[in-house]
Amino acid sequence: MNVPFYGHVRQYHNIKAEIDSKISEVLESGQYVLGPMLKKFEGELKDYFGSKYAIGVGNGTDAIWLVLMALGVGPGDEVITHPNTFFATAEAAWIAGAKVVFVDCDPLTKCIDPSKIEAAITKKTKAIIPVHLYGQCADMPAIRKIADKHKLFVIEDNAQAIDAKGDTFKQGELSDAVATSFIIQKNLGCFGDGGAVFTNNPQIDGIVRKLRSHGSLKRDHHSFGFNSRLDDIQAGVLSAKLKHITKWSDQRIQHAARLDKGLKGVKNLTLPYAKPGYRHVFHLYVVETKDPSRRDECLKFLNDNGVDAKTHYSIAIHKQEGFPWNKEYSIVGSVANAERNAASCISLPMFPELTNDEIDCTIEKVLEWDSKA
Ligand SMILES: *Cc1c(COP(=O)(O)O)cnc(C)c1O
């Protein structure tokens, strides 16, 4: 049996009629950019998310730097994040012109370790970007406390964590804005590129809305801006999918529980850590080899045996080839946890449409490697 890593086409087939009808509604409307479907979807999105505003933008990377720019964060400023995330988190800060300052991640959740943040704060620090990595919220109350004390902005990168919640908090409550991505491999994915900004701040909403479309809200009236819009066909696809997101997250959570149970006795791997009380939506189900030097061998064994496991992310950002080009960055303290995560992580197949047989096949192959390891 082969266990695929993604279920995009299965998902499309399951709700084909709903998606096709939204797409044809847009095609028939003749309005494909900043049209009525985008407006409708933005309304649905903010209601679902519980924020005052939702702005559709071109992709998740743009969502982050458009917010930074709206907040006036740019050249001469510093932005704190952690290096074991998707490259775009740091890239967005560089696009805005800021310097990236990396601190370590928490050894259990792999999200930013709030206890490492204060040592990295200087007079130039303007913002913290916590990433809700793998589908689990970062420790937002601790981050908020530090941000309040030092008057910093907080932008949540929730590209991997739509529908996730903290124990005592919701996304967007303890930050200035939340940036998300709708590229297909995310938990809410369209059929191309897409992203959104959520905020309760009318100034951020107003500026991002202008910046995304040539600095313009009105024909022939422009200020400085860009072109980063969520088009109406993608908005239609997302509008159809949004109705299913809670169910899909629940399915991911069930699959994670089945994997946890089946893999409970493994000796050579650490299983993902879900914080008590948090809704971890398992964008990714990431195990780690206890011995980082055996990761590649384990990954190869799974791949050779039909389990399409991958790595997220096998090279920390500051270790990427060619880094740092001309981009400014610094590392404060040790980032050993982040580097260990990069060296030892393996993402097992995880998507809502997985069957129990496929999950059991993954378990069987992992146990087979573990018993030989
Ligand atoms: C996917 C992702 C992004 C970027 O999203 P794009 O839509 O590809 O630009 C940013 N941050 C994280 C953590 C991501 O996983």
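Note that the structure is a prediction, hence the values are computed from the model and not measured. Both ligands and their constituent atoms are indexed starting at 1 by order of listing.
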Out of K186, H132, E91, the nearest non-hydrogen contact to atom 1 (C) of ligand 1 is supplied by K186

of all protein heavy atoms, closest to atom 13 (C) of ligand 1 is D157 OD2, 3.4 Å

For [X], the ligand 1 atoms whose distance to one of its heavy atoms is below 4.0 Å:
X    : result
G60  : 5 (O), 6 (P), 7 (O), 9 (O)
V131 : 13 (C)
A159 : 2 (C), 3 (C), 10 (C), 11 (N), 12 (C), 14 (C), 15 (O)
A88  : 3 (C), 4 (C), 10 (C)
S181 : 5 (O), 6 (P), 7 (O)

Pairs under 3.5 angstrom only: tabulate donor-acceptor contacts from the side chains of residues 338-350 to other protein residues two or more places apart or in another chain.
from	atom 1	to	atom 2	distance (Å)
E339	OE2	H318	NE2	2.7
R340	NH2	K290	O	2.6
N341	OD1	N84	ND2	3.3
N341	OD1	Y134	OH	3.4
N341	ND2	Y134	OH	3.3
N341	ND2	E288	OE2	2.8
S344	OG	R340	O	2.7
S347	OG	H312	ND1	2.7

Cluster membership besides L108, Ile/Leu/Val/Met/Phe/Trp/Tyr side chains within less than 4.5 angstrom, sorted by chain and number, is Y273

- Derivation of the ring-ring contact (aromatic ring centres under 6.0 Å, His included) call for Y313 and F87: CA-CA 9 Å; Y313 297 92; F87 189 77; over 10 Å; no

I'd like to know if T89 contacts ligand 1, where contact means a heavy-atom distance under 4.0 Å to any ligand atom.
yes

Under 4.0 Å from ligand 1, counting heavy atoms only, is it the side chain of [X], its backbone, both or neither?
X   : result
T85 : side chain
T61 : both
N59 : both

**Message:** Are M140 and I112 connected into the same hydrophobic cluster when the rule is that any two of I, L, V, M, F, W, Y join if their side-chain heavy atoms are below 4.5 Å apart?
**Reply:** yes

Review point. Are S239 and K40 side-chain neighbours, meaning at least one heavy-atom pair lies under 4.5 Å?
Key: yes

Is the closest basic N to carboxylate O distance between R144 and D148 below 4.0 Å?
yes

Does a salt bridge link E358 with R10, judged by any charged N lying under 4.0 Å from a carboxylate O? yes

Should the pair K186 and F86 be classed as cation-pi, given the thresholds of under 6.0 Å to the six-membered ring centre and 45° from the axis? yes

